[in-house]
Number of protein chains: 2
Amino acid sequence: MDTALDLFANVGYDAVPTSRIAREAGVSEGLIFRHFGNKKKLLEAIMASTERRLQEAFAGVIEEDEPAEVVRKVILLPFTIDENEYDFWRLQFKLKWDKEYYNPRLMEPLIQKLTVAFGGLQYRDPELEARFLEQILDTISTQILREGREAALPFRDLVLAKYGLQ
Amino acid sequence: MDTALDLFANVGYDAVPTSRIAREAGVSEGLIFRHFGNKKKLLEAIMASTERRLQEAFAGVIEEDEPAEVVRKVILLPFTIDENEYDFWRLQFKLKWDKEYYNPRLMEPLIQKLTVAFGGLQYRDPELEARFLEQILDTISTQILREGREAALPFRDLVLAKYGLQ
DNA sequence: AGGCTAAGTGAGTGATCACTTACAATATAA
DNA sequence: TTATATTGTAAGTGATCACTCACTTAGCCT
C-alpha cells in the first residue's frame, strides 16, 4: 500500500501498472490481487484512511473554543501536516478532479466550527467566510505539496495578518 | 482534437485509449497517428494553445492602468471564461499536478501587473499580495470548473468586498 | 507430529494498449 | 485528363495491461 500510494500520487493511478507496484514493493503481482481483489480496491484501501486522517488533523481545531484561536489554528493547519503524509495528500488533491473520489462532506465539521467562530467574531456572513477560508486552505495546501513548506510561509503570515491575528 | 480534449479533461489522459478517441471522433485510429505522430503529441497539440488563451484572457487586465480597476478585473477574470472552454481549463488544472505540464511562468504577466497595482494602492508587500490573489483566482476557477459559475458568485462578491471594491 | 488456514508465488490468460503498414480515396494542379 | 500529393482507412503488430490459477511456503493450534 505504501508503494502504491507513492506511485499513485507521483505517477498516477492509470499510469502505473500493478506489475510495477508489485516489483517496487518487492512482492509478487498475484499478492496484490489476493489481498485487494483488484486494482481499484487497492486505491480504495489507501483512500479509506482519509476520514480518519482528516479527523486527526482537525482535532486540535475542534476542541478550541476561542473564536480567534479557531481561525488561527485553521490557517496553521496545512503546516501541521506530517511530511510522511505528503504523498497521501497529493493523491487526495489529484483525485479531487475525479467526481467518484471527491467528497466535500468530509470538510463539513471544519466548516461548521469556522462558521461558529466567524459568527462570534461578528463577521457579516459567517458561513460564507468559513467556506472562503476553506478555499484558502486548499490553496495553501496545494502550494505546500507542490513547492514545500517554506514557500508557503509568506502566505501564512499574510493570511494571519488579513484576519487580524498573529 | 475536440474529442480528445473532452476525454482527456473528463476521463483522463492515461485512462482513455486512442481507439476510443478515434471512435468518438468518427475517424479511424490510424488517422490520429498520421496527424500527430503519437498520443503524447496529440495532448501537446491541445496544450499548445494555452499561452494564447491566457494572453487573450489577460488582455483586458493588461491594458487597464487604474490600480483598483486592475484588481477588480482580475477578480472577475474567472467569470469571463467561455463555457465552451471549460474542458480546456479543466484539463489544464488536472495537469497542474504533472510537473511536465505545469508552467508557472505563464502567470507572470498577470503577477507583474498586479504587483504594480498593489504598489499603487499602498499595500505593504505588493508582490506577495499579487501572488496571493493569483492563488485565490486559482481557487475560484477550480470552484467554477467543478460546480459551475453560479456557485462561485458569493465568493466573487466576498473577495471584491475584501479588497474594498464593488 | 500432523492438519488446517492464510500468505505468497510464478507462469500463465485473453483483452487491450499505442502504434505500423499496406493500401484506397480524395483533393490539387498542370 | 492525368500525374502527384494529401488524407484517410482496415487490419494488423508486439508489448503490456489487469487479473487468474495451480501450486508452494509459512504460521498456528491441538
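The sequence lines fix the lettering, A, B, ..., with proteins before strands; numbering per chain opens at 1.
- Note: NE2 (B:His35) to P (D:dG8) measures 5 Å, nearest angstrom.
- A:Glu63 has no carboxylate O lying under 4.0 Å from a charged side-chain N of A:Lys73, or vice versa, which leaves the two without a salt bridge.
- The side chain of A:Thr18 places an N or O atom within less than 4.0 Å of a non-bridging phosphate oxygen (OP1 or OP2) of D:dA18.
- A cation-pi contact, defined as under 6.0 Å to the ring centre and within 45° of the axis, is absent between B:Arg72 and B:Tyr163.
- Side chains of B:Glu29 and B:Thr18: a donor on one and an acceptor on the other come within 3.5 Å.
- When distances are taken from the side chain of B:Pro17 to each of C:dA18, C:dC19, D:dA18, the shortest belongs to C:dA18.
- Rounded to whole Å, the distance from NZ on B:Lys39 to P on D:dT16 is 16 Å.
- The minimum heavy-atom distance linking A:Phe93 with A:Ser141 is given by the pair CZ-CB, 3.6 Å.
- Whole-Å rounding puts the B:Leu31 CG to C:dC23 C1' distance at 15 Å.
- In this structure, of D:dG8, C:dG8, D:dT9, it is D:dT9 that holds the atom nearest to the side chain of B:Val27.
- In this structure, B:Glu29 atom CD and C:dC17 atom C1' are separated by 9 Å, rounded to whole Å.
- Of the candidate nucleotides C:dC23, C:dG8, C:dC17, C:dC23 has the atom nearest to the side chain of B:Arg34.
- Of the candidates C:dA22, C:dT9, D:dC17, D:dC17 carries the atom nearest the A:Ser19 side chain, counting heavy atoms from C-beta on.
- Rounded to whole Å, atom C1' of C:dT16 lies 14 Å from atom CZ of B:Arg20.
- The CZ atom of A:Arg23 sits 12 Å away from the C1' atom of D:dT16 (whole-angstrom rounding).
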